[in-house]
Number of protein chains: 2
Amino acid sequence: MTLADIALLANVSKSTASRALRNNPLINKNTRELVQEIALKHNFKVNATASNLRTQKTNTIAVVVMFDQKSGQAISDPFLMEILGTIADELTHFGYDMLLTTTKTATHDWYSYYYESKRADGLIIIGQGEHDQRIEALISTDLPFIVWGTEIHEKNYTTVGSDNRKGGYLAVSHLIEQGCRRIAFLGDINHTEVEQRWLGYQDAVAEAGLVVEDKLQIKTDFTSVDGYQSLRDHCLSDDVPIDGVFAVSDAIALGATKYLFEQNITIPKQVAVIGFDDISMSEYCSPSLSTIRQNTAAGGRLLVKLMLDKLNHLPVDSQLLNVEMIQRQSSSR
Amino acid sequence: MTLADIALLANVSKSTASRALRNNPLINKNTRELVQEIALKHNFKVNATASNLRTQKTNTIAVVVMFDQKSGQAISDPFLMEILGTIADELTHFGYDMLLTTTKTATHDWYSYYYESKRADGLIIIGQGEHDQRIEALISTDLPFIVWGTEIHEKNYTTVGSDNRKGGYLAVSHLIEQGCRRIAFLGDINHTEVEQRWLGYQDAVAEAGLVVEDKLQIKTDFTSVDGYQSLRDHCLSDDVPIDGVFAVSDAIALGATKYLFEQNITIPKQVAVIGFDDISMSEYCSPSLSTIRQNTAAGGRLLVKLMLDKLNHLPVDSQLLNVEMIQRQSSSR
DNA sequence: GCATCAAATGCAAACGATTGCAAAAAGTAA
DNA sequence: TTACTTTTTGCAATCGTTTGCATTTGATGC
């Protein structure tokens, strides 16, 4: 069933049929309805590849999920799933398809693969990784792309992301308010977003008139396993005593909590804990986890909106999303 | 930069250029290398839409993630993310792209939208939902599709999935072994997979010479919130005392655990708990969560392999993946 | 009845690759 | 040299839409 067949059935030309199907007012209303009716009856659907070829548009956005470079594993934060879900829904809502890739396989030249070879009209990148060169390579191209992460002023590309610095500040101020004085920071500041949270940490510590101890900043990957190991291997010794933990993801926080439990250290009394993300499980673990909530739904929607604006050649600015401190048991003394 | 340009530069015809690029032995080796070199130098990439149109193949597989119909929310189990990640990687590995959708938006006619209109060569569906009609509608079409879920013998389509019945059996036998006698089942047996786990529950109970009490089967959706509420609203009263919980997902189990904690009910002593999935966090919550491990990596790989086999018109059979009981603190008395 | 104009339709050329088949070139044997 | 393979190349059609432009149709005015 092709457009030609429909045209034949409707006794019109291909051009008329084509226009009629897309409700072009150039075509007589009766003719339009006739053609549409016939198309419907025969369950005709426009061939996307042919249409894409002719129009030079794909109506597809590629979404790249940055993987953990070391482990080669998906950053399996439920957080990711949530934002992906929103993006998918928003894109379908605007008539776009979503092509999903991870950075794990093959160091694709994204520009060539997706844009030049016409697989997608634009790119949404989730996560900046550790200043990935692949992102920077895109800046000088005409590929429309948006990154979930932190705005980097020296680098000129559009980002959408949480106010990570504020998040770090809120988390640590809160811990300090609860009486914590030696707060471990679990995260890898090579990730731009994490770096911001670390700055927020420093802001809060400075504000309280305390001193930032570099020893308390412990490089930790985005997994529960790493959270557990960080505490085990680097903290709580006489050398580095702590009374609070700020983990840059809830997953990390859960791992840390686990270790504290095993050592019979009471939470929040001896050590208070706060995470980041507010994944749905945080409320439902025990003790429930205090955290900084990221507005993933708004983030996903915004990513898509800016992407579409960009495709329509509208001016587009990076956006900072507000975060919120959610106090739960793990930090309530 | 099109094929024609390259051909011109290489002083050959388009056909020769096309063949040369794909290393067709019909073309002289020298010519091939010449063309490839030129293409490389000019960073030429074949236009996918044109190629797709001509070859009538898209080299794309659409993946549909079934959403929670009621909440309209993504089943945000990390479990999903893991399997999606594997699928994405496997597909890229075999040169396919992955189109992702959720069932939330628009009740697409998948056959028309993806297959007829040539957006994808095949469909992988994650989750059966509650006997979704959209799946059944595909059976009579020529669309190649595979479902992650349980084989349904009356329905004739290919599935890949865990041995859910065995999983249920293992979980419940284990609890019984630990001395549990009244085990709550948290899950919604309208989901085919959950139904299987319920059958496994019954198997184990029967084997132990106990009686299956329908009161103990509590309809619960796939979220922590629901796990929490199920226990709160339906169990632990004098009416329905329990000493064990089998939750059909780790997320549910975490919610349930939370409620037990709040009620000062000790785990595993007063109530032992076991979940399903073995998401990465299960090991790192406290108490660590016993669970039934699904082999998501194998599952993802198998889904893709069968899909490709199907595309190559090879015979394809549904596959059952083994599951494994992981004993942790929450059930170790 | 004819000129004029607007509304509706159709022609034919793209879009950029792939491929069956024919033709040219190169190699071999007589 | 001719005849006959074998290897290598190129022609031209095709995939199924969309769209600029020309053409037809019908309406209107004089």
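Protein chains get the first letters and strands the later ones, always in sequence-line order, with residue 1 at the start of each. These numbers come from the heavy atoms of this one structure, side chains and all, not from hydrogens, waters or symmetry mates.
- Defined by atom type and a distance below 3.5 Å, a donor-acceptor pair is present between the side-chain atoms of A:D121 and A:T58.
- The interatomic distance linking A:N24 (CG) with C:dG10 (C1') rounds to 14 Å, in whole Å.
- Counted by atom type alone, A:D89 and B:T102 present one or more donor-acceptor pairs between their side chains at under 3.5 Å.
- A donor atom on one side chain and an acceptor atom on the other are found under 3.5 Å apart for A:S162 and A:Q294.
- Checked by atom type, the side-chain pair A:D221/A:T223 shows no donor-acceptor distance below 3.5 Å.
- Using a 4.0 Å cut-off between a side-chain N of Lys or Arg and a carboxylate O of Asp or Glu, A:K29 and A:E33 qualify as a salt bridge.
- In this structure, NZ of A:K29 is placed 16 Å from C1' of C:dA8, rounded to the nearest angstrom.
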Could you run through nucleotides 14-21 of chain C and give me one letter per nucleotide, 5' to 3': B if any protein heavy atom sits under 4.0 Å from the base, S if only the sugar-phosphate is that close, - if neither?
BBBBBBBB
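- None of B:Y115, B:Y114, B:Y113 except one satisfies the ring-ring contact (aromatic ring centres under 6.0 Å, His included) rule with B:Y111; the exception is B:Y115.
- Atom CG in A:L34 sits about 10 Å away from atom P in C:dT9, given to the nearest Å.
- Across the protein-nucleic acid pair, B:N52 atom CG and D:dT14 atom C1' stand 15 Å apart, rounded to whole Å.
- Rounded to an integer number of Å, the gap from A:I27 CD1 to D:dT23 C1' is 14 Å.
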